[in-house]
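The chains referred to below are lettered A, B, ... by the order of the sequence lines, with proteins before strands, and numbering in each begins at 1.
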Number of protein chains: 2
Amino acid sequence: MSESASATSLSDPGAASRPRRSDATRTAILTAARERFAADGYERATIRAIAGDARIDPSMVMRYYGSKEGLFAAACAFDLRLPDLGSTPPEAVGRTLVSHFLDVWEENEVLTALLRVGVTNAAGAERMQGIVKEQLLPVVRQACPDQREAPARAALVASQILGMALTRYVLRFPYAAALSREAIVDWLAPTVQRYLTADKP
Amino acid sequence: MSESASATSLSDPGAASRPRRSDATRTAILTAARERFAADGYERATIRAIAGDARIDPSMVMRYYGSKEGLFAAACAFDLRLPDLGSTPPEAVGRTLVSHFLDVWEENEVLTALLRVGVTNAAGAERMQGIVKEQLLPVVRQACPDQREAPARAALVASQILGMALTRYVLRFPYAAALSREAIVDWLAPTVQRYLTADKP
DNA sequence: ACTGTTGGTCAACGCTTGTTGGCACCAACG
DNA sequence: CGTTGGTGCCAACAAGCGTTGACCAACAGT
């Protein structure tokens, strides 16, 4: 498990073990796994298909990641890299957040994989929930007036952002996919801004 | 249930066939299928498990619905029964719509099944898209100022409503599940109202 | 009462899945 | 040199999947 962290290079805090001969294979597996999970979800992303994409034998996946669940856990470790809302003007937090989410969603297929898997897989749903709780919630706390309302406000923000991601990147509704990036930011920013800072209606 | 009537009338429009001896079994299969699809998604909702819930043999499912895909199509035919926005005051369309969606989502597991399946199954995604296009879009047309903007506005409304359904009923985030029905309506209604009627930002 | 249709069970098929253990290779180290 | 341990492929396993066809039981029409 700690080996996978070094392989992802997404999060490698200290513990730099010297490179192994199999590192190329490990990252190839991880890359292929992310693609398959993002495209097909948990059940249909078979180990055989992932191994085929990575041009290695399925048994290698088991050797390096233990099981399919272990592979998913290693492939979907993720850091949102949310900006610090304390240092952005209070009236711009909505726009900043929406824009950042669009960036991270389009540069990286891990979130798509996470969402697609989380809908039918308990481990995926828990991981997604963990991201909201440990990465989004603290940022919401910085921006909202009453700390006790932070969980509800975070839930509202998550509902709008995940909803747009769902319709645009997962279900791929034509109307949602046709929206320009600027239009999405212009429409969603006031919504998120209100969820974060407005008085309870 | 009355669902047997709707099921038969779908496959047999006009000519009302007299009740068959197997109608009880047919509806038992459909009910079990909806529950399993809603709880597990397409792949993990196996025909054997559905047949087990309905206390019949898996081969009956094949006999009556042809294949797993046919069963899903029969189980997830759905009418949103959206209200006529032409006869509601223009400033209340957001609240009306959000409230109606919460009603329909909680009284019926078909939408949960549809969303869970649509994320990993092309047929499910298309069916969901069809519902948005054929049932939500016409209603949005009634409420929005410029007809040409209707598709974009429908996409925005769908993103917020499906996002709340996703986090609350599918992923079951504790923060989203903890929101009261009234709080959701109060927070989401202005958002939907704005997506429907506000000028382009 | 006989017959044809319908409702239902059972056992099996071919296939795919995650997972395992054995065997060959290659590099390093004594 | 030989040994050792990491790297990779291969074949196979048991289990589960959707699907099929044979076969029996109960009803309906004549």
* Mind jotting down which residue pairs meet the side chain to side chain donor-acceptor pair (under 3.5 Å) criterion with at least one end in residues 88-102 of chain A? Sequence neighbours excluded, please. => A:R95-A:D186, A:S99-A:R181

Measure from [atom1] on [X] to [atom2] on [N] and round the result to the nearest Å.
{"X": "B:M60", "N": "D:dC23", "atom1": "CE", "atom2": "C1'", "result": "14 Å"}
{"X": "B:D57", "N": "D:dT20", "atom1": "CG", "atom2": "P", "result": "14 Å"}
{"X": "B:E43", "N": "D:dG18", "atom1": "CD", "atom2": "C1'", "result": "12 Å"}
{"X": "B:I50", "N": "D:dC17", "atom1": "CD1", "atom2": "P", "result": "11 Å"}
{"X": "B:L71", "N": "D:dT19", "atom1": "CG", "atom2": "C1'", "result": "14 Å"}
{"X": "B:K68", "N": "D:dT20", "atom1": "NZ", "atom2": "P", "result": "15 Å"}
{"X": "B:I47", "N": "D:dC17", "atom1": "CD1", "atom2": "C1'", "result": "9 Å"}

* Using a 4.0 Å heavy-atom cut-off across all strands, classify A:S59 as base, sugar-phosphate, or nothing. => base

* First and last nucleotide of DNA chain C, 5' to 3', lying under 4.0 Å from heavy atoms of chain A -> C:dT17 to C:dG22

Can you list everything that forms a salt bridge (Lys or Arg N to Asp or Glu O under 4.0 Å) with [X]? Sequence neighbours excluded, please.
{"X": "A:R148", "answer": "A:D146"}
{"X": "B:E149", "answer": "B:R153"}
{"X": "B:R81", "answer": "B:E107"}
{"X": "B:R116", "answer": "none"}

* Asked: So do the side chains of A:L179 and A:Y175 get within less than 4.5 Å of each other, counting heavy atoms only?
  -> no

* **Residue pairs passing the salt bridge (Lys or Arg N to Asp or Glu O under 4.0 Å) test where at least one lies in residues 43-65 of chain B, sequence neighbours excluded** => B:R36-B:D53, B:D40-B:R44

Strictly under 3.5 Å: I want the nitrogen or oxygen pairs between protein and nucleotides 12-14 of chain D, one per line.
{"unit_1": "D:dA12", "atom_1": "N6", "unit_2": "A:R48", "atom_2": "NH2", "d": "3.3"}

* 5'-most by nearest nucleotide on DNA chain D - B:R63 or B:S67 -> B:S67

* Structure fact -> For A:T191, the side chain to side chain donor-acceptor pair (under 3.5 Å) test, sequence neighbours excluded, returns B:R194, B:Y195

* Does atom CD of B:E106 have more than 12 heavy-atom neighbours, drawn from other residues, nucleotides or ligands, at distances under 6.0 Å? -> yes

* To do: Verify whether one side chain among B:E109 and B:Y169 offers a donor that lies under 3.5 Å from an acceptor in the other.
  => no

* To do: Test side chain to side chain contact (heavy atoms under 4.5 Å, CB included) on A:F101 and A:L188 and set out the steps.
  => CA-CA 11 Å; A:F101 265 107; A:L188 261 54; over 6 Å; no

* Which residues satisfy the ring-ring contact (aromatic ring centres under 6.0 Å, His included) test with A:F37, sequence neighbours excluded? -> A:Y42, A:F72

* State whether A:Y64 places a side-chain N or O below 4.0 Å from either non-bridging phosphate oxygen (OP1 or OP2) of D:dG8. => yes

Close N or O pairs between protein and nucleotides 25-30 of chain D (under 3.5 Å):
none

* For the side chain of B:P58, starting at C-beta, report the closest nucleotide among D:dC17, D:dT7, D:dT19. => D:dT19

* Looking at A:L97 and A:L82, what are the two nearest heavy atoms and their distance? -> CD1-CD2, 4.3 Å

* Asked: Shortest non-hydrogen contact from B:L80 to B:Q135?
  -> N-OE1, 2.6 Å

* Which of residues 113-122 of chain A sit near DNA chain D, with a heavy atom under 4.0 Å from it? -> none

